[in-house]
Protein chains: 2
Amino acid sequence: MMNDKKKLTLKDIGRELGISVSTVSRALKAHPDIAEETIKLVKEYAETHNYVPNFLAVNFRKNKTFNIGLIVPELVHHFFSTVISGAISEANRQGYNLLVSQSNDILKDEILASRAMLNSSVDGLLISISNETVEGDHLREFLNEGKPVVQFDKITDYLPTPKVIVDDFDGAYSAVKHLIDEGYTRIAHIRGREDVKNSSERCAGYLKAIQDHNLESDPDWVKVCRKISDQEGYDFAKELMESKNPPNAIFCITDLVALGVLRYLKEKGYHIPKDVGLIGFSNWMLSRVSTPQLSTVEQHGFQMGVDATNLLIEMIGNHDVENLKTVEIKTELVIRESTTLSKA
Amino acid sequence: MMNDKKKLTLKDIGRELGISVSTVSRALKAHPDIAEETIKLVKEYAETHNYVPNFLAVNFRKNKTFNIGLIVPELVHHFFSTVISGAISEANRQGYNLLVSQSNDILKDEILASRAMLNSSVDGLLISISNETVEGDHLREFLNEGKPVVQFDKITDYLPTPKVIVDDFDGAYSAVKHLIDEGYTRIAHIRGREDVKNSSERCAGYLKAIQDHNLESDPDWVKVCRKISDQEGYDFAKELMESKNPPNAIFCITDLVALGVLRYLKEKGYHIPKDVGLIGFSNWMLSRVSTPQLSTVEQHGFQMGVDATNLLIEMIGNHDVENLKTVEIKTELVIRESTTLSKA
DNA sequence: TGCATTTTCGCAATCGTTTGCACAAACCAT
DNA sequence: ATGGTTTGTGCAAACGATTGCGAAAATGCA
């Protein structure tokens with residue numbers, strides 16, 4: 001019994017009340033031109049008869065959808081889902097809905113997803129680009145139609161849009177500084193691909209911290225992950241520890257990789273944090289429930305989602321404002337068991 | 001330099017080509033009434049001038065948005081984000097976009113989210129209800145407007161909608177049977193709240209397996225989590241193992257809880273799987289990267305997202321079809337180190 | 001050649017809401 | 001009373017695409 005009852009329209013109300021459609025429309029938004037009396041009459045009728053505007057018509061008329069698009073490389077990912085959570089929260093608060101899609105880190109998929117969103121007429125786009133995205137012509141299409149784009153986390157500087165990013169450099173620096181403060185002297189880093197900005201920033205922060213404290217550094221102590229998997233962590237840990245010059249602490253690009261490292265170290269009987277210090281990045285749930293619990297760097301993903309959404313909605317409002325601001329979100333060191341040598 | 005160039009409309013094309021709007025419209029969809037020649041002409045013009053229909057207008061006219069709403073209790077959750085991933089994939093494949101929102105397991109938020117979606121005019125809704133949802137009047141509003149709803153995972157039988165669920169009973173049964181096959185005889189269960197269907201189903205499967213194999217059972221072996229946290233797992237493990245009648249295997253409602261159990265057991269020096277067998281549910285990434293790796297039950301969340309979306313889109317097509325089918329997705333046992341006593 | 005089809009296209013209404021403008025009624029001041 | 005302002009309302013166009021219907025042009029057949 002699909003109850004396909006026709007929805008009430010302005011025309012219906014006008015007919016019933018013996019007034020014109022335009023008056024009804026204006027009365028409902030309490031336009032100053034309309035008599036108080038009429039406004040009350042209309043509003044009451046609308047209320048009791050449960051009038052709800054046809055948003056398809058409104059959107060069409062206003063050329064606005066109150067929908068925002070969001071594209072991430074991967075949805076099933078602690079950090080990104082946290083960002084999305086923040087974006088939804090803020091979008092809803094401001095009366096917007098969020099359309100979500102993912103690129104699987106494949107450019108072709110990202111283009112498809114963005115086209116689908118452009119078509120479905122979102123008012124703006126939040127995007128964390130795929131590893132394969134460089135030029136981003138598909139994103140320019142948004143700008144060409146006057147629809148704002150805000151990049152977050154994984155960004156490209158090729159596109160003239162505002163950006164919301166984590167201060168990766170600083171986060172990495174303080175993670176490594178923490179290791180140093182705890183007394184570790186031979187610190188390795190398992191990083192991500194060179195062409196991904198976040199991973200380069202973190203690596204730079206790592207190097208700077210080492211340098212600032214005049215610690216030994218060894219090119220062989222920097223390993224490059226391609227897939228950011230725990231298995232890579234395991235394998236690189238093996239490589240590092242079996243080398244002629246093994247480190248006594250490892251800073252990993254992300255918690256998952258650190259967990260792989262942890263697995264290797266425990267398997268070989270190393271004591272953590274006594275023999276080897278270990279710190280990750282991102283503060284996934286993983287890091288809190290592992291044994292020992294992993295020290296890590298909180299990225300405030302929720303806040304990133306909120307900020308990016310805010311920026312975007314602001315731009316949707318002021319169409320003509322050229323906004324190229326970059327918001328940098330400060331990280332926060334989360335110290336747990338895997339690095340607290342001083343208390344071990 | 002917001003490039004607010006007006007988009008090309010049918011009217012523009014008609015004017016340029018000296019034909020009427022209606023002919024242009026029909027030509028673009030190769031209507032049989034239109035001459036081949038005209039069709040080619042129009043299509044070529046549209047192509048080279050990059051015509052793209054104004055979907056706001058189309059949607060308004062057709063009273064359809066090609067958007068689907070999806071609401072889950074929690075977005076930052078391995079299982080749910082996996083389901084969403086499947087839903088997005090299938091929705092996009094069929095030309096739909098997915099609007100995502102979350103209820104935080106709070107009824108009030110769920111109502112807000114569903115209203116927002118109803119307003120923004122989705123064509124249908126996928127929902128996994130919050131723990132607080134019982135009657136679901138806010139979901140009836142969808143049905144009343146002729147918009148189909150499909151429930152998945154966390155469902156209520158009060159609503160006349162199709163459902164896609166995991167065969168929790170069977171999954172739990174086979175998990176426990178696996179423990180039994182491995183030689184465990186005293187099996188405890190840490191379950192979820194009684195008023196949540198999934199957790200009751202799993203508990204029922206557990207009990208049935210125990211009973212079918214004539215194993216000892218003890219009411220004190222069934223513990224009830226309220227928040228499904230790892231800390232609860234830790235605490236209940238302590239309770240269980242310190243009791244007068246400690247079990248030698250534990251089946252947990254979810255991997256996270258199992259991880260808490262694992263933490264306790266390792267802390268107290270129990271060997272897993274030799275001293276105590278441990279199996280979780282859901283196959284989160286957590287379970288694969290813990291030490292020892294956790295046995296668990298794969299729920300095929302991605303498939304659930306795909307199936308639910310499929311069902312919904314089918315119903316959007318056939319508005320009048322009364323579809324109350326329930327799709328039950330089979331689970332799959334994932335055997336890892338934490339239960340393989342026979343090989344330990 | 002004349003009439004009946006068929007082919008091809010345009011007119012105009014429609015979806016529901018918004019909004020510029022005109023206009024009538026009511027008011028005020030001179 | 002006259003002219004001018006204020007107040008309240010309605011008319012009609014507009015947004016862009018779709019579609020039923022009618023009509024002109026082209027074709028077929030006798």
Side-chain angles (χ1 to χ4, degrees), chain A residues 4-43 45-46 49-66 95 118-121 123 145-147 319, chain B residues 4-43 45-46 49-66 95 118-121 123 145-147 319:
Chain A
D4 253 316
K5 67 176 155 214
K6 278 273 153 283
K7 290 217 303 184
L8 205 61
T9 72
L10 294 185
K11 201 190 296 183
D12 298 328
I13 300 183
R15 187 173 2 85
E16 288 308 311
L17 261 39
I19 56 185
S20 78
V21 179
S22 40
T23 303
V24 177
S25 172
R26 281 188 263 249
L28 282 175
K29 30 187 70 68
H31 191 286
D33 274 3
I34 307 296
E36 277 303 334
E37 209 180 348
T38 315
I39 292 184
K40 221 179 94 199
L41 181 71
V42 173
K43 280 198 170 171
Y45 187 94
H49 291 74
N50 195 29
Y51 166 75
V52 29
N54 179 328
F55 283 86
L56 282 177
V58 176
N59 293 345
F60 168 51
R61 182 64 224 268
K62 297 242 183 103
N63 196 34
K64 192 153 186 289
T65 63
F66 283 97
L118 193 56
N119 282 349
S120 103
S121 298
D123 295 335
E145 295 204 10
K147 301 193 173 171
H319 244 218
Chain B
D4 253 318
K5 67 177 157 213
K6 279 272 151 285
K7 289 218 302 186
L8 206 61
T9 73
L10 292 187
K11 201 191 295 182
D12 298 328
I13 300 183
R15 185 171 6 83
E16 288 308 311
L17 262 39
I19 55 185
S20 78
V21 178
S22 39
T23 302
V24 176
S25 172
R26 279 187 266 250
L28 282 175
K29 33 188 69 66
H31 191 286
D33 272 5
I34 308 297
E36 277 303 334
E37 211 181 348
T38 315
I39 293 185
K40 222 180 92 197
L41 181 71
V42 173
K43 281 197 169 171
Y45 187 94
H49 292 72
N50 195 29
Y51 167 76
V52 27
N54 179 328
F55 282 86
L56 282 177
V58 176
N59 292 344
F60 168 50
R61 180 65 222 269
K62 297 243 182 102
N63 197 32
K64 192 156 189 283
T65 63
F66 284 97
L118 192 57
N119 281 350
S120 103
S121 297
D123 296 334
E145 294 206 10
K147 301 193 174 173
H319 244 217

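Keep in mind the model is a prediction, meaning the values are calculated, not measured.
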*Asks:* To 10°, what angle do the rotation axes through the five end pairs on each side of the helix from C:dT1-D:dA30 to C:dT30-D:dA1 form?
*Replies:*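 Computed from the C1' atoms at both ends, the axes differ by 50°.
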*Asks:* Got a list of side-chain donor-acceptor pairs under 3.5 Å for residues 56-63 of chain A, not counting sequence neighbours?
*Replies:*
{"from": "A:Asn59", "atom 1": "ND2", "to": "A:Phe55", "atom 2": "O", "distance (Å)": "3.1"}

*Asks:* If I take atom NZ in residue B:Lys40 and atom P in nucleotide C:dT8, what distance separates them, rounded to the nearest angstrom?
*Replies:*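 In whole Å, C:dT8 P lies 15 Å from B:Lys40 NZ.
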*Asks:* Strictly under 3.5 Å: I want the nitrogen or oxygen pairs between protein and nucleotides 24-26 of chain C, one per line.
*Replies:*
none

*Asks:* Below 3.5 Å, can you tabulate the donor-acceptor pairs from side chains in residues 22-41 of chain B to any protein atom, sequence neighbours excluded?
*Replies:*
{"from": "B:Ser22", "atom 1": "OG", "to": "B:Ser20", "atom 2": "OG", "distance (Å)": "3.1"}
{"from": "B:Thr23", "atom 1": "OG1", "to": "B:Ser20", "atom 2": "OG", "distance (Å)": "3.1"}
{"from": "B:His31", "atom 1": "ND1", "to": "B:Asp33", "atom 2": "N", "distance (Å)": "3.0"}

*Asks:* Could you identify which residues of residues 28-38 of chain B place a heavy atom less than 4.0 Å from some atom of DNA chain C, listed by residue number, or say none?
*Replies:*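 Under 4.0 Å from DNA chain C: B:Asp33, B:Ile34, B:Ala35, B:Thr38.
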*Asks:* Sequence neighbours excluded, which residues qualify as ring pair (Phe, Tyr, Trp, His ring centres under 6.0 Å) partners of B:Tyr45?
*Replies:*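 Applying ring pair (Phe, Tyr, Trp, His ring centres under 6.0 Å) to B:Tyr45 gives B:His49.
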*Asks:* Between A:Lys62 (NZ) and D:dC15 (C1'), how many Å, whole number?
*Replies:*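 Computing the A:Lys62:NZ to D:dC15:C1' distance gives 13 Å.
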*Asks:* Nearest-Å distance, CZ (A:Arg15) to P (D:dG10)?
*Replies:*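 Rounding to the nearest Å, CZ of A:Arg15 and P of D:dG10 are 15 Å apart.
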*Asks:* Can you tell me how far C1' of C:dT17 sits from CG of A:Asp12, to the nearest Å?
*Replies:*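 Those two atoms, CG and C1', are 13 Å apart.
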*Asks:* Between the protein and nucleotides 25-28 of chain D, which nitrogen or oxygen pairs are less than 3.5 angstrom apart?
*Replies:*
none

*Asks:* To the nearest angstrom, how far is B:Arg61 atom CZ from D:dT18 atom C1'?
*Replies:*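 So the CZ-C1' distance, B:Arg61 to D:dT18, works out to 4 Å.
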*Asks:* Could you list the donor-acceptor pairs under 3.5 angstrom formed between side-chain atoms of residues 9-19 of chain A and any protein atom two or more places apart in sequence or on another chain?
*Replies:*
{"from": "A:Thr9", "atom 1": "OG1", "to": "A:Lys11", "atom 2": "N", "distance (Å)": "3.2"}
{"from": "A:Thr9", "atom 1": "OG1", "to": "A:Asp12", "atom 2": "N", "distance (Å)": "3.3"}
{"from": "A:Thr9", "atom 1": "OG1", "to": "A:Asp12", "atom 2": "OD2", "distance (Å)": "3.3"}
{"from": "A:Asp12", "atom 1": "OD1", "to": "A:Arg15", "atom 2": "NH2", "distance (Å)": "2.6"}
{"from": "A:Asp12", "atom 1": "OD2", "to": "A:Thr9", "atom 2": "N", "distance (Å)": "2.8"}

*Asks:* What is the distance, to the nearest angstrom, from the CG atom on A:Asn63 to the P atom on D:dG16?
*Replies:*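 Going from A:Asn63 (CG) to D:dG16 (P), I get 8 Å.
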*Asks:* Is the distance from OP1 or OP2 of D:dA17 to the nearest side-chain N or O of B:Tyr51 less than 4.0 Å?
*Replies:*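 It does, given that an N or O in the side chain of B:Tyr51 lies less than 4.0 Å from OP1 or OP2 of D:dA17.
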*Asks:* Under 5.5 Å between ring centres and under 30° between planes: does that hold for A:Phe60 against the base of C:dT17?
*Replies:*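 One would not call A:Phe60 stacked on the C:dT17 base.
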*Asks:* Round to a whole Å and report the spacing from NZ of B:Lys11 to P of C:dG10.
*Replies:*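 Rounding to the nearest Å, NZ of B:Lys11 and P of C:dG10 are 16 Å apart.
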*Asks:* For DNA chain C, which residues in residues 52-59 of chain B have a heavy atom at a distance below 4.0 Å?
*Replies:*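 Residues of residues 52-59 of chain B that come under 4.0 Å of DNA chain C do not exist, since none gets that close.
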*Asks:* For residues 18-27 of chain A, which residues have at least one heavy atom under 4.0 Å from DNA chain C?
*Replies:*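 Residues of residues 18-27 of chain A under 4.0 Å from DNA chain C: A:Val21, A:Ser22, A:Ser25, A:Arg26.
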*Asks:* Could you pull out all residues at least two apart from B:Tyr51 that satisfy ring pair (Phe, Tyr, Trp, His ring centres under 6.0 Å)?
*Replies:*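 None.
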